[in-house]
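One structure is given here, and the rest of the page talks about it.
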Amino acid sequence: VKSEGPKLVPFFKATCVYFVLWLPTSSPSWFSALIKCLPIFCLWVFLLAHGINFLVSHRSASRILAGLIFSALGDAFLIWQEQGYFIHGLLMFAITHILYSSAFGMKPLDLKAGLLMGVVSSSCYAFLYSYLSGPFTYLVAVYIALIGFMGWRAVAGVQLCNDLWTWTKLSACVGAMLFMVSDLTVALNKFCFPVPYSRLIIMATYYAAQMLIALSAVETRDEEDSRKRS
């Protein structure tokens, strides 16, 4: 916390700016897109502050950075979702989840966690299905499969029972769960029924999720520092 906390100060300030300004979504503009994306830009800086060599030599960290870049693009597209750019935003976040899944890796496999996430994802889609029409019937199915897979890989990395977890793996797990809550709220509010305080829920869980996933990228650096001390 002492080493990483100061690097996250700009992110917390940018997040506060977003919630204080609370620009109306009814009048999209490049300024509102900038304010919405600013916390994600700060997470770019957070990862870049660990050094280019670190990002180049650790694929998981560079993939999380790439995921944050696509997330910012998705955020920008969703500013204009009522003008027909919702699918563009959906595509950007689908790529984000692929990158995050790749960063989390396939070891350990943990098929029980995979089965659990499969049941959760299938249940969510079964509930949404009757509200979907046209291309969204298929697009939402693919998106839920991707974010469910990402959640599985994040959960599988924790291994609490075997005492093989680290704070960064736990951070990735909690971040992935919050991302799923955020996106489920988006889907319910857009396709099913108005969710009270939907924007607050969506953005609070989204920013927290992105921060925690970005934090998970520093694990390899922590391991290197421990080896040097020993």
(request) Let me see the working for Tyr85 and Leu78 under side chain to side chain contact (heavy atoms under 4.5 Å, CB included), right down to the final yes or no. (result) CA-CA 6 Å; Tyr85 287 96; Leu78 291 181; over 6 Å; no
Kindly indicate whether the side chain of [X], heavy atoms from C-beta on, has any atom under 4.5 Å from the side chain of [Y].
{"X": "Ile64", "Y": "Leu47", "result": "yes"}
{"X": "Ser71", "Y": "Met92", "result": "no"}
{"X": "Val155", "Y": "Phe104", "result": "no"}
{"X": "Leu8", "Y": "Leu43", "result": "yes"}
{"X": "Ile202", "Y": "Val195", "result": "no"}
{"X": "Phe46", "Y": "Met211", "result": "no"}
{"X": "Gln81", "Y": "His88", "result": "no"}
{"X": "Phe19", "Y": "Leu200", "result": "yes"}

Can you check whether [Y]'s main-chain N or O pairs, donor with acceptor, with [X]'s side chain at less than 3.5 Å?
{"X": "Thr96", "Y": "Gly67", "value": "yes"}
{"X": "Arg153", "Y": "Gly105", "value": "yes"}
{"X": "Thr15", "Y": "Phe11", "value": "yes"}
{"X": "Asp75", "Y": "Cys37", "value": "no"}
{"X": "Ser171", "Y": "Leu212", "value": "yes"}
{"X": "Trp152", "Y": "Leu109", "value": "yes"}

Cluster question for you: counting only ILVMFWY and a side-chain heavy-atom cut-off of under 4.5 Å, with indirect links fine, are [X] and [Y] together?
{"X": "Met177", "Y": "Ile144", "value": "yes"}
{"X": "Phe41", "Y": "Leu73", "value": "no"}
{"X": "Phe12", "Y": "Ile35", "value": "yes"}
{"X": "Trp30", "Y": "Phe77", "value": "yes"}
{"X": "Ile40", "Y": "Trp80", "value": "no"}

May I ask you to check whether over 12 heavy atoms, not counting those of [X], lie within 6.0 Å of atom [atom1]?
{"X": "Phe86", "atom1": "CZ", "result": "yes"}
{"X": "Arg59", "atom1": "CZ", "result": "no"}
{"X": "Tyr138", "atom1": "OH", "result": "no"}

Closest approach of [X] and [Y], non-hydrogen atoms and distance?
{"X": "Ala14", "Y": "Cys42", "value": "CB-SG, 3.8 Å"}
{"X": "Glu4", "Y": "Val218", "value": "OE1-CG1, 3.9 Å"}
{"X": "Arg199", "Y": "Pro24", "value": "NH1-CA, 4.3 Å"}
{"X": "Leu178", "Y": "Ala209", "value": "CB-CB, 3.8 Å"}
{"X": "Ser216", "Y": "Thr168", "value": "CB-O, 3.3 Å"}
{"X": "Cys173", "Y": "Val158", "value": "CB-CG2, 3.4 Å"}

Rounded distance [0.5 Å steps], [atom1] in [X] versus [atom2] in [Y]:
{"X": "Lys169", "Y": "Thr166", "atom1": "NZ", "atom2": "OG1", "value": "5.5 Å"}
{"X": "Leu132", "Y": "Lys190", "atom1": "CG", "atom2": "NZ", "value": "11.0 Å"}
{"X": "Leu38", "Y": "Cys16", "atom1": "CG", "atom2": "SG", "value": "11.5 Å"}
{"X": "Ser32", "Y": "Leu23", "atom1": "OG", "atom2": "CG", "value": "6.0 Å"}
{"X": "Leu188", "Y": "Cys192", "atom1": "CG", "atom2": "SG", "value": "5.0 Å"}
{"X": "Ser29", "Y": "Ile79", "atom1": "OG", "atom2": "CD1", "value": "7.5 Å"}

Identify each donor-acceptor pair in which a side-chain atom of residues 120-127 lies under 3.5 Å from a protein atom, sequence neighbours left out, and give them as a table.
{"from": "Ser121", "atom 1": "OG", "to": "Met117", "atom 2": "O", "distance (Å)": "2.9"}
{"from": "Ser122", "atom 1": "OG", "to": "Gly118", "atom 2": "O", "distance (Å)": "2.8"}
{"from": "Ser123", "atom 1": "OG", "to": "Val119", "atom 2": "O", "distance (Å)": "2.7"}
{"from": "Tyr125", "atom 1": "OH", "to": "Thr137", "atom 2": "O", "distance (Å)": "2.6"}

(request) For the pair Tyr18 and Trp22, name the ring-plane relationship: parallel under 30°, tilted 30 to 60°, perpendicular over 60°. (result) perpendicular
(request) Applying side-chain hydrogen bond (donor to acceptor under 3.5 Å, both in side chains), run through Asp183 and Tyr206 and close with a yes or a no. (result) CA-CA 8 Å; Asp183 280 358; Tyr206 170 69; over 6 Å; no
(message) Just checking Phe136 against Tyr131, ring centres under 6.0 Å apart?
(response) no
(request) Let me see the working for Leu48 and Leu65 under side chain to side chain contact (heavy atoms under 4.5 Å, CB included), right down to the final yes or no. (result) CA-CA 8 Å; Leu48 289 169; Leu65 176 60; 4.1 Å; yes
(request) Could you check Thr185 against Ser182 for side-chain hydrogen bond (donor to acceptor under 3.5 Å, both in side chains), going step by step and ending with a plain yes or no? (result) CA-CA 5 Å; Thr185 308; Ser182 179; over 6 Å; no
(message) Here's a test for you: under ring-ring contact (aromatic ring centres under 6.0 Å, His included), which of Phe149, Phe179, Phe70 qualifies with His97?
(response) Phe179
